[in-house]
Amino acid sequence: MFGKGMICGLILAFFTAASSTAANEPVTLARFLEDALASHSELIEHEFALMELQANLDAAKMSSPALNMQLGYSKLNSWHPAGSNWAARASFEGRGRFGSEYSISYDFRGKAMQIQLALPVSMPREMSPRQQQVAACEYSYQKELIASQVLREEVFLAAAKCFLNIWRLKEAVNVRQAMITWLDSQLEILAEACHTGIAHEIDLACVELQYQMQINSIDVLREQLAAERSLAVMVYGMASEADLLHEPAQFDPKDLEFVLVPQPAAGIAMAKLDYGLAEMHARQLQTELGAQGRLSINLNSDSDWSVEWAVQIPLFDQAYRENQVDAADAKLSQTALAVERAELETICEHIYRQLHLSAASSNLKTAVQARELAARQKEIAAEQYEKGLLSFIELLRAWEGEAAAFLDLVDAEFEYQLAQIQHWLLDSNQNCE
């Protein structure tokens, strides 16, 4: 069981992390991810489970075994044919680390002491009941640790995607708002020009239609932005009034190392853990095929002593045990192949992430060039429109093209940064092998 102070501390840490972004300063990606990992409810549940398994493992590893004391007393009534009598005995029993058993008993009436010691012979250390218990607790703890690592990485990537998506939507809103502001200014000019006969009514109708389309688009974007911020607040611990700060040109995934410490690839770690368990089980069954010995020593306070040697040799169940060994060997080979497959899958995933990063980088470079070209085309169109060489419809198309190129650039930035984070995480985990 956990102490009240420990539980209160974790609960306090949860609410502290959830409100840590309440300050007025902008929240960076690293800060956002740090708060997300500290406040995610599933991760907190895993922390409690890990604490429980760690306590069980520490208890199993304790070198000093628990001692049991038995104290009894009996008194015979005076009417009993044997007369009045009493008896009292105290005993201590315990188990050693390598399967040994011992007991010490003392008879208070007879003032006699007896010591018994039993030692297993020809048994490997890891085959002792105590070591098997430790191995079972270690397996459960390591399995939960790997599961916790997988969940932390999933939360890390999902939170990073949420943060970058908020940035992307904010940039898209800004682009749409700039377009709406320009169209709004043109509406007044064209309305006056149409009234005086300088401009055609078709131009005014196109601007009004485009203006309404931009209004509809920005409303959708704002709804998406509000939903994404709600997700960040409810799931990742961001304060509702927090403002996010992100500069794509200055972003480096290595700045996130202090947020999430890289660990060996979870798939390989789990496969190796299963292999170790299968290997221990195979050794145990192989050992049980041979003879098992047990040495017992009894010492009494009256100088009496005895030594017993017992040997257990499997005879009639030899075929059954050999079949068990064959099954364990097959399981061991299967887990060995699982390790190789996990390593191969990790290599393939790394190649895929590298290709995805390269493609995202190329798309970003193309988007940058396209946006620069669209911006230059808009400038030329504005100059030609001022000289009367272009119609307003052609100028409007240039503005729309520049806005679309800007939105494509924002999307390309989003995909590239997300690919960077995914590749960095996988590459860091692979380097931990």
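Here, residue 1 is the first one in the sequence, and each next residue gets the next number. What you see is a predicted model, and the numbers here were worked out from it, not measured in a lab.
- Scanning both residues, Leu260 and Trp424, for their nearest heavy atoms gives O-CH2, 4.0 Å.
- Note: Leu157 CG to Leu426 CG = 10.0 Å, rounded to the nearest 0.5 Å.
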Could you please spell out the steps behind the side chain to side chain donor-acceptor pair (under 3.5 Å) verdict for Glu208 and Gln212? CA-CA 6 Å; Glu208 290 175 345; Gln212 189 59 47; over 6 Å; no
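- Side-chain contact annotation: Arg168 with Gln417, donor-acceptor N/O pair under 3.5 Å absent.
- Heavy-atom contacts from other residues, nucleotides or ligands closer than 6.0 Å to CZ of Arg353 number more than 12.
- From Leu364, atom CG reaches atom CZ of Phe414 across 13.5 Å, with rounding to the nearest 0.5 Å.
- The backbone N or O of Cys137 lies less than 3.5 Å from no partner atom in the side chain of Ser140, so there is not a single donor-acceptor pair.
- Checked by atom type, the side-chain pair Asp58/Gln54 shows a donor-acceptor distance below 3.5 Å.
- For Lys170, the salt bridge (Lys or Arg N to Asp or Glu O under 4.0 Å) partners are Asp243, not counting sequence neighbours.
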| field | Criterion salt bridge (Lys or Arg N to Asp or Glu O under 4.0 Å) on Glu379 and Arg376, from CA distance to verdict | value | CA-CA 5 Å; Glu379 293 177 359; Arg376 181 56 182 160; 3.1 Å; yes
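- Between the side chain of Ser185 and the backbone N or O of Trp182 there is at least one donor-acceptor pair closer than 3.5 Å.
- Closest heavy-atom contact between Pro264 and Gln149: O-NE2, 2.9 Å.
- Contact detail for Pro26 and Leu245: the closest heavy-atom pair is CB-CB, 3.5 Å.
- Separating the CD1 atom in Ile44 from the OG atom in Ser39 is a distance of 7.0 Å, to the nearest 0.5 Å.
- Among residues two or more places apart in sequence or in another chain, the salt bridge (Lys or Arg N to Asp or Glu O under 4.0 Å) test is passed with Glu138 by Lys61.
- Interatomic distance, Asp184 CG to Gln214 CD, rounded to the nearest 0.5 Å: 12.5 Å.
- Between Gln210 and Glu400 the shortest side-chain heavy-atom distance falls below 4.5 Å.
- Atom NE2 in His46 sits 10.0 Å away from atom OG in Ser41 (nearest 0.5 Å).
- Summarising the geometry of Lys272 relative to Val339, their closest heavy-atom pair is N-CG2, 3.8 Å, with the distance given to 0.1 Å.
- Contact between Leu37 and Leu43 at its shortest, heavy atoms only, is O-CD1, 3.5 Å.
- Side-chain atoms of Arg283 and Glu279, non-hydrogen and from C-beta on, do get closer than 4.5 Å to each other.
- The heavy-atom pair separating Arg229 from Ala239 by the smallest distance is NH2-O, 4.4 Å.
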Practice task
Report the C-alpha distance between Lys387 and Glu383 in whole Å, list the side-chain angles of each, state the deciding distance to 0.1 Å, and finish with yes or no for salt bridge (Lys or Arg N to Asp or Glu O under 4.0 Å).
Solution key: CA-CA 7 Å; Lys387 297 177 181 179; Glu383 294 175 357; 5.7 Å; no
Pair Tyr236, Leu231 - check side chain to side chain contact (heavy atoms under 4.5 Å, CB included), show working. CA-CA 7 Å; Tyr236 301 119; Leu231 177 65; 4.1 Å; yes
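- Put simply, the side chain of Ile421 reaches to within 4.5 Å of the side chain of Leu164, judged on heavy atoms.
- For the atom pair OG of Ser361 and CD of Glu415, the computed distance is 13.0 Å after rounding to the nearest 0.5 Å.
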